[in-house]
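Only this structure's heavy atoms are used, side chains among them; waters, hydrogens and symmetry mates stay out. Numbers restart at 1 for each chain; the letters A, B, ... are given by sequence-line order, proteins then strands.
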Amino acid sequence: MKYWLMKSEPDVFGIDHLMARPDQTEHWDGVRNYQARNFMRDDMKVGDQVFFYHSNTKVPGIVGIAEVVREAYPDHTQFDPDSKYHDPKSDPDDPRWVMVEIKFKRKLDRIITLRELKDQGSKLQDFKLVQRGNRLSIMPVSKKHWDYILSLE
DNA sequence: GCCAACGTTGGC
DNA sequence: GCCAACGTTGGC
C-alpha cells in the first residue's frame, strides 16, 4: 500500500465537498501536469491512502484522509470543449489525461498546517511539499513521513 | 494582490 | 536543442 498527498483548493473542491458526495466518493479530474498524471496512471492503486491538502487558501495544510477506490481511467473533461480542462490535442483513441476516484475516510482532528510541517525541520526535509517552489499537485508520501505527520495530529 | 518558482510553448 | 516569453501555481 502506498501513501499520497493530493492538493485541492477548498473554494473549488474541499474536504467538505468530498464528504457531501454520494458515497463520499469523487473522481479527481483536471490534473494537467505530467508528473502528477504519471503518479496516478502508473502507481496509484485501490486501497492507497491519501492526505487531502487544502492549497491556495488562508491556512494551507492537511485536513483529512481519503482512499483510492478506482484506478486511473480517462478524464472525460479533456474532450469537453466547454470545460476549462479541455485539451484539443488529446487523442480520444489515446487519451492524454487520466483521473482516479477517491473516497473520504476521515477529517483530521485539526488541520496540520504547511507552516507546522515546514517547522519540523530535518524530520520532513526530504518531503516534497515543504521544499522550495513545490507546485506538484499529487505527490508520494513515504510511510515514514505519513506516520510522522499523523503523530502530529 | 504580489511575485517567485516552475512548466509549457514556439521561434529560431 | 536552446531559451525567451508566457501562463499557472500557490504561499504570503
Side-chain angles (χ1 to χ4, degrees), chain A residues 2-21 26-44 48-68 71-102 104-142 144-146 148-153:
Chain A
K2 293 194 182 68
Y3 301 89
W4 305 93
L5 181 142
M6 297 170 88
K7 295 180 184 174
S8 192
E9 300 186 21
D11 292 345
V12 180
F13 188 82
I15 190 87
D16 290 333
H17 295 100
L18 182 62
M19 280 181 73
R21 281 288 187 264
E26 184 59 296
H27 53 267
W28 205 259
D29 62 1
V31 171
R32 294 294 181 270
N33 169 281
Y34 288 103
Q35 210 180 342
R37 179 206 65 181
N38 292 347
F39 285 136
M40 284 200 292
R41 188 189 60 188
D42 303 335
D43 298 326
M44 275 194 175
D48 284 1
Q49 303 294 295
V50 178
F51 278 145
F52 198 110
Y53 177 89
H54 281 176
S55 68
N56 226 332
T57 187
K58 193 164 184 179
V59 184
I62 297 168
V63 294
I65 295 176
E67 181 174 324
V68 176
E71 287 162 22
Y73 64 107
D75 178 345
H76 55 85
T77 62
Q78 69 197 303
F79 304 120
D80 177 2
D82 295 327
S83 170
K84 71 169 182 168
Y85 301 123
H86 182 226
D87 182 354
K89 292 190 229 168
S90 183
D91 176 359
D93 293 328
D94 184 21
R96 180 178 296 186
W97 305 110
V98 299
M99 57 191 184
V100 298
E101 282 182 1
I102 64 167
F104 174 82
K105 281 193 75 178
R106 68 177 180 95
K107 279 192 180 182
L108 299 190
D109 295 338
R110 62 182 188 85
I111 180 170
I112 297 177
T113 65
L114 178 63
R115 175 76 258 166
E116 187 178 352
L117 294 170
K118 285 182 169 175
D119 286 344
Q120 301 305 312
S122 61
K123 287 283 193 180
L124 295 178
Q125 69 181 2
D126 49 349
F127 182 32
K128 283 190 176 66
L129 185 74
V130 302
Q131 290 170 3
R132 193 175 65 113
N134 147 70
R135 297 183 355 175
L136 196 57
S137 64
I138 296 176
M139 67 186 73
V141 181
S142 69
K144 190 181 73 171
H145 287 162
W146 178 275
Y148 180 73
I149 290 166
L150 277 183
S151 79
L152 301 172
E153 188 182 3

dA5(B) P sits how many Å from Asn56(A) CG, rounded?
-> 17 Å
Lys128(A) atom NZ is separated from dG7(B) atom P, nearest whole Å, by 12 Å
Nearest listed nucleotide, side chain of Ser55(A), among dG7(B), dG10(C), dT9(B) = dG10(C)
Can Glu101(A) and Arg21(A) be counted as an ion pair, charged N to O under 4.0 angstrom?
-> no
Lys84(A) NZ to dG7(C) C1', straight-line distance once rounded to whole Å = 14 Å
Looking at Ile62(A), Val63(A), Ile15(A), which one forms a side chain to side chain contact (heavy atoms under 4.5 Å, CB included) with Leu108(A)?
-> Ile62(A)
Tell me what Lys118(A) touches on the nucleic acid: a base, only sugar-phosphate, or nothing, going by heavy atoms under 4.0 Å.
-> sugar-phosphate
Length of the line joining Asn38(A):CG and dG7(B):P, which is rounded to integer Å = 13 Å
Phosphate contact (dT8(C) OP1 or OP2) by Lys7(A) side-chain N/O below 4.0 Å | no
Look at the side-chain N and O atoms of Tyr53(A) and state whether any lies under 4.0 Å from the OP1 or OP2 oxygen of dT9(C).
-> no
Phosphate contact (dT8(C) OP1 or OP2) by Arg135(A) side-chain N/O below 4.0 Å = no
Arg132(A) or Tyr34(A), whichever maps to the more 5' nucleotide of DNA chain B | Arg132(A)
d(CG, Asp87(A); C1', dT9(B)) in whole Å | 13 Å
Relative to the ring of Trp146(A), is the ring of Phe51(A) parallel (under 30°), tilted (30 to 60°) or perpendicular (over 60°)?
-> parallel
For the pair Phe13(A) and His17(A), name the ring-plane relationship: parallel under 30°, tilted 30 to 60°, perpendicular over 60°.
-> parallel
